[in-house]
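Predicted model, so just to flag it, every value in this text is computed and none were measured. Note that the numbering runs from 1 along the sequence shown for the chain.
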Amino acid sequence: MKRILLSIAVIFGTCAFAQEKKSDTAKTKNIEGVTITKQVFKKQSDRFVYDVAASPVAKGNTTFDLLKQTPLLSSTDDKTLKIAGKNNVLIYINGRKSNMDAESLAQFLKNTPAENIQKIEVITVPGSEFQVESSDGIINIVLKKKMSDGLNGNMRFSNTQSKYNASQASFSANYRKDKLGISANLSGGENIQAQTYTLRNSSDSASNESTGDINDPNKNIGGYLNIDYQLNDNSNLALSWNTWANKSYNSTVSLFNTIVNKDGTNYTWSKNKEDARTYNNSINLNYELKTDSLGSKLNVNAAYLNYKRFQFTDNITYKSDINRNLGAKSIQMFQDLPQIINNFSGMVDYIQKFKNDLTISVGGNYNKTKTDNDTKSDTYFIDPEKDPKLAPNHFIYDENIYGFYVTAEKKFSDKFSGKIGTRYEITNSLGTSDNPPTEALKKIERNYNNFLPYMSLNYAINDKNNISYSFSSRMRRPSFWELNPVVNKLTDDNYTQNNPFVKASSTYNQELTYMYKNSYFVVLNHSYIKDAITQVPLQGYPEKPNGELGENLALRYIRTNFGDKQEMSAMVGIQKSFFKQYWTTNFSIGIQHNRNNGSLDMDPTTGDRFRNEKGEFVTYVNKTNSTSILIQTNNTIRLDKAKTWFFGVNFFYIDKQQIELGMLRGLSSLDLSIKKNWNDWTFAVNVNDVLRTNIVVIDDIQDNGNKNYIHQNQYPRSLTVSLTYNFGNKKLKKIRDIEGASDSIKSRTK
């Protein structure tokens, strides 16, 4: 069910707090108190840094809520995050990428209190040392530095009311004694993800509309354990384990279908039930050796990742009438869709620092991944009765990636610094099917090599003005689930289709940034994506390669390489406090311009082509450009002098914009919150999407007369009440920063 929802759902978003030092006075007898402030938002050579510890927004919030209020970050669906001008975001914690798939990561961030966070680093154009793909940006969450031995932690409980009720709880603890440091977290919750859909596709004389509800209950539990031991003054050994489990039983789809074709109008019900569970476990062993007093060091990582998803669906089509009465069964399909991913990874990095402010970094990584998808699908035609259709397919995908990088970073003066680097990646992959829909799918072998250059320049004009430029080249490999040639059905005629023929795309990113007084910023972005991986709707009467023509108008959302795409954005923003820090605002406004250039006329997995009522072959074309306005503001208002009461007002607006599926109408959301701090307790109430304006609507009208329409309401309006308690010694040392060896693989399990 999640794969269907993630495939059809459209997630778009875009998108700074600094205080100047006040001069002291010699007349100390007249001073009632001195407030020491610090820069909260600033630009470093390759990243923006948001010092959360100096901001009032962290206490009582979740990590996810805090990230949504970080400059340049946003979320339109309350599930995923986006950096302005970027397609995707990777989450790092203390320099180590998170080990979870997308759904698990969202729940984890929502269950984790923000009290332990020192700062958030937004890396809009990652350097060659990072294993990232496409135009991905990085959000690095840096935990607070603690100073002495002891134990501390926090507990958080919350309850959310939307269409259904949801509850979450978490417990975190940190312990340090001499050379040993331990950090652990356990969190979980349960919720029902509710959605209401309307899917409509039509041509000159035929149409197919499906409307109804999808309810996806979830129970989650997971956490992490990090153990760090200092062997001696120059070396450390660390072990990290992350785990997350999700159980989603009795997930249901109930859609009423109205089908109009040359034979008249037919009505049916699609009643689908799904049971699914997911397990995500990873372990990473790290060794760090400091080689000199300048900070040179060797890092060695070895990791293992195991991801399992077991999914069973029972899809039933019932006959109906104009009054929506439930009739007899006509078609029933059972699908067993397991996926098992095993990844072994190794990574070696060496950083050499020189006295003349020169740093040379070299390293390499190896990833070996095996994905096993043993799909079983049985379709029974009940009325009218036909022979059952069996479609088992055991698809195995093996992939080996070898990566090497070198970077040089030099500070030429107090004003000017730069960094150049390159990655060389070798990818060897083999996909095999024992019962593919076409002979071409029996064995798919892909081998490619890529040079990926990187450069960044940073110039501090003076104490108040800073300008920087970055360029990078990246690849985007398809996620493992996208390669599995399986059909995920919503109705008999509407479904998503994965594609093992999807190849890696190439992305070229440029960014120019200007910052004034560490409070005002301008960001210009440009991304060019070649062979963009996306989902494309194909509709019409499907014709098989043998000439057999389907009876009903079909709509397939097909994963494929869909031409080229350009994304350009310009954003102006401010992060600042006013009125003696009673009001803190993060405001940005910008323009985004999308250029699409793609077409598709055949289902690449089956070879099917689509005809209209006139018998003509149909091609889906998207060569439309669009320009959109983007606005986001997050405001925290302190209501009392004692800094115990806070009121929050957050708002975003995204103008309509052209995407691959069509024209996405404007989205907006107004969120309100109130928070009370009392000793070690924090009470908070949040109301999201007050005006109920964050609903996805997509329109698509083709030159050939075909029309598509998607209306998706995920019930974002919600009320959340939370309680957080912090305990123990507040001066613990920080667990050492570690980057895991298998980090580059994690995002592809999404």
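- With sequence neighbours left out, the salt bridge (charged side-chain N to carboxylate O under 4.0 Å, His left out) criterion links Lys219 to no other residue.
- If you check the side chains of Asn677 and Thr644, you find no donor sitting under 3.5 Å from an acceptor.
- Judged by the 6.0 Å distance and 45° axis criteria, Lys368 is not positioned over the aromatic ring of Tyr366.
- Side-chain contact, Thr369 with Asn367: no donor N or O sits under 3.5 Å from an acceptor N or O.
- Relative to the six-membered ring of Phe683, Lys676 misses at least one condition, a distance below 6.0 Å or an angle of at most 45° to the axis.
- Asn498 contributes atom CG, which lies 10.0 Å from atom CZ of Phe395 (distance to the nearest 0.5 angstrom).
- In this structure, a donor-acceptor pair under 3.5 Å is present between the side chains of Asn373 and Gln339.
- In this structure, Lys290 places its NZ atom where only 12 or fewer heavy-atom neighbours from other residues, nucleotides or ligands lie under 6.0 Å away.
- For Asp275 against Lys273, the heavy-atom pair with the smallest separation is OD2-NZ, 3.1 Å.
- Heavy-atom minimum distance, Ala194 versus Tyr715: O-CD1, 3.4 Å.
- Exactly one of Ser718, Pro716, Ser673 qualifies for a side-chain contact (heavy atoms from CB on, under 4.5 Å) with Asn688. That residue is Ser718.
- Among residues two or more places apart in sequence or in another chain, the ring pair (Phe, Tyr, Trp, His ring centres under 6.0 Å) test is passed with Phe48 by Phe41.
- A distance of 8.0 Å separates OH of Tyr350 from CG of Leu298, quoted to the nearest 0.5 Å.
- Note: Phe651 CZ to Asn634 CG = 11.5 Å, rounded to the nearest 0.5 Å.
- Summarising the geometry of Pro217 relative to Ser248, their closest heavy-atom pair is O-OG, 2.9 Å, with the distance given to 0.1 Å.
- When each of Asp213, Asp216, Asn272 is checked for a side-chain contact (heavy atoms from CB on, under 4.5 Å) with Val253, only Asn272 meets the rule.
- In this structure, Phe312 has no ring pair (Phe, Tyr, Trp, His ring centres under 6.0 Å) partners at least two apart in sequence or on a different chain.
- The closest side-chain donor-acceptor pair between Asn152 and Asn174 falls under 3.5 angstrom.
- A donor-acceptor pair under 3.5 Å is absent between the side-chain atoms of Asn679 and the main chain of Trp681, judged by distance alone.
- Put simply, the side chain of Asp349 reaches to within 4.5 Å of the side chain of Tyr405, judged on heavy atoms.
- Between Phe171 and Phe727, the angle of the ring planes stays under 30°, which puts this pair in the parallel group of the 30/60° scheme.
- Side chains of Asn686 and Asp671: a donor-acceptor N/O pair is absent below 3.5 angstrom, by distance only.
- Gln712 and Gln195 share a donor-acceptor pair across their side chains, judged by distance under 3.5 Å alone.
- Contact annotation: the side chain of Val687 never approaches that of Leu670 to less than 4.5 Å [non-hydrogen atoms, C-beta and beyond].
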